[in-house]
Amino acid sequence: RNKRDIRDRLFSYFQFLKVSIDEQSIEAAVSKSLAKEAHYDRWPADRILNIPFESIENQSDEVIRKIATFIGLSALNEKIIRSVDFRFSKQQVRKKIADLEHHVLDGEGNLKQGVNPDAVVEALGQVRAFDVDSGFQSGHVTDYCPGDWRHLWTERQKQMVDAAIRAASHRFAQKS
């Protein structure tokens, strides 16, 4: 499970889906996010691998080793680890998505004729190029850094998020 600060998760969610940030959408997103956390918190420790989000970017080779060991592939050699690390690096994923976008979308972001439907995701009125090998799609990789929400959200948005987190945390605490 990818462990990430809830505010960073929320910012990413709203940015990626291009969803408007209002009290109702924030409350729904916070509740869903905390419910998912609570679900995985109940799993036995030997059945889940917690990976801090920052380590994916800063220690990706070590994350690959941990995942491999967790799923029983502890004998992976360094060449394979470096290959996986390179293939799924931000730079390579961006390149792959840009190439896909060039093939499936016209200059205005509309779907080209005769495109393989597996290479496209249509959601919320958006058409995105989709890499079936990795699951990455248009808009998936950004330059966002942990904590950027502090200067990218308005003060009102921060207050709404804080209030939604407090309310949802209180509800989850009462259920426990």
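Atoms considered below: every heavy atom in the structure, side chains included; atoms not considered: hydrogens, waters and symmetry mates.
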Chemist: Determine, for E54 against K3, whether the closest basic-nitrogen to carboxylate-oxygen distance falls under 4.0 angstrom.
Modeler: no
Chemist: If we ignore hydrogens and angles and just use 3.5 Å, is the side chain of S83 paired with the main-chain N or O of K79 as donor and acceptor?
Modeler: no
Chemist: Give a yes or no on this: more than 12 heavy atoms of other residues, nucleotides or ligands lie within 6.0 Å of atom CD of Q91.
Modeler: no
Chemist: Between Q157 and T154, is there a donor-acceptor pair closer than 3.5 Å when you use the side chain of the first and the backbone of the second?
Modeler: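 Checking the backbone N and O of T154 against the side chain of Q157, a donor-acceptor pair under 3.5 Å is found.
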Chemist: Tell me if the NZ atom of K95 is crowded by more than 12 foreign heavy atoms within 6.0 Å.
Modeler: no
Chemist: Just verifying a value: how many Å separate K66 NZ and N50 CG, rounded to the nearest 0.5 Å?
Modeler: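 Going from the NZ atom of K66 to the CG atom of N50 covers 10.0 Å.
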Chemist: Could you give the distance from CD (Q15) to CG (D148), rounded to the nearest 0.5 Å?
Modeler: 10.5 Å
Chemist: Take a 6.0 Å sphere around NZ of K90 and say whether it holds more than 12 heavy atoms from other residues, nucleotides or ligands.
Modeler: yes
Chemist: Run the salt-bridge test on E78 and R65 with the 4.0 Å N-O cut-off and return the result as yes or no.
Modeler: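 Yes, this pair counts.
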Chemist: Angle between ring planes, F88 versus F136, binned at 30° and 60°: parallel, tilted or perpendicular?
Modeler: tilted
Chemist: Can I51 be reached from Y40 by stepping across I, L, V, M, F, W or Y side chains whose heavy atoms are under 4.5 Å apart?
Modeler: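 Y40 does not cluster with I51.
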Chemist: Measure from the side-chain N and O atoms of R7 to the backbone N and O of K158, and report whether any donor-acceptor pair falls under 3.5 Å.
Modeler: no
Chemist: Would you say that F11 contacts L152 through its side chain, given a criterion of any heavy-atom pair below 4.5 Å between the two side chains?
Modeler: yes
Chemist: Rounded to the nearest 0.5 Å, what separation is found between the NZ atom of K112 and the CG atom of L105?
Modeler: 8.0 Å
Chemist: If only atom types and distance count, is the side chain of Y13 paired as donor or acceptor with the main-chain N or O of V19 below 3.5 Å?
Modeler: no
Chemist: Measure from the side-chain N and O atoms of R9 to the backbone N and O of R4, and report whether any donor-acceptor pair falls under 3.5 Å.
Modeler: yes
Chemist: Given side chains that start at C-beta, do those of I6 and W149 come closer than 4.5 Å, heavy atoms only?
Modeler: no
Chemist: Under 4.5 Å between any side-chain heavy atoms of Q137 and F16, yes or no?
Modeler: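 In short, these two side chains touch, coming nearer than 4.5 Å.
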Chemist: Using 30° and 60° as the class limits, which term best fits the ring planes of H39 and W43: parallel, tilted or perpendicular?
Modeler: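 Because their plane-to-plane angle is over 60°, the rings of H39 and W43 count as perpendicular.
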Chemist: Are the side chains of E23 and I26 in touch, meaning some heavy atoms are under 4.5 Å apart?
Modeler: no
Chemist: Within the side chain of S33, is there an N or O that forms a donor-acceptor pair under 3.5 Å with the backbone of V30?
Modeler: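 Between the backbone of V30 and the side chain of S33 there is no qualifying donor-acceptor contact (under 3.5 Å).
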Chemist: Does the D8 side chain pair with the main chain of P146, one donor and one acceptor, at a distance under 3.5 Å?
Modeler: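 No; judged by distance alone, with no hydrogens or angles, the pair does not exist.
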Chemist: Under 3.5 Å, is there a donor-acceptor pair between the side chain of S25 and the main chain of D22?
Modeler: yes
Chemist: Are I48 and I67 in one and the same hydrophobic cluster, where Ile, Leu, Val, Met, Phe, Trp and Tyr link if side-chain heavy atoms are under 4.5 Å apart?
Modeler: no
Chemist: Between the side chains of K36 and D41, is the shortest nitrogen-to-carboxylate-oxygen separation below 4.0 Å, so that they form an ion pair?
Modeler: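 No, this pair does not count.
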Chemist: Indicate yes or no for a side-chain donor-acceptor contact from S31 to the backbone of A168 under 3.5 Å, with no hydrogens or angles considered.
Modeler: no
Chemist: With rounding to the nearest 0.5 Å, note down the distance linking CD1 in I81 to CG in D61.
Modeler: 7.5 Å
Chemist: Tell me whether the count of non-hydrogen atoms from other residues, nucleotides or ligands lying under 6.0 Å of CZ in F86 goes above 12.
Modeler: no
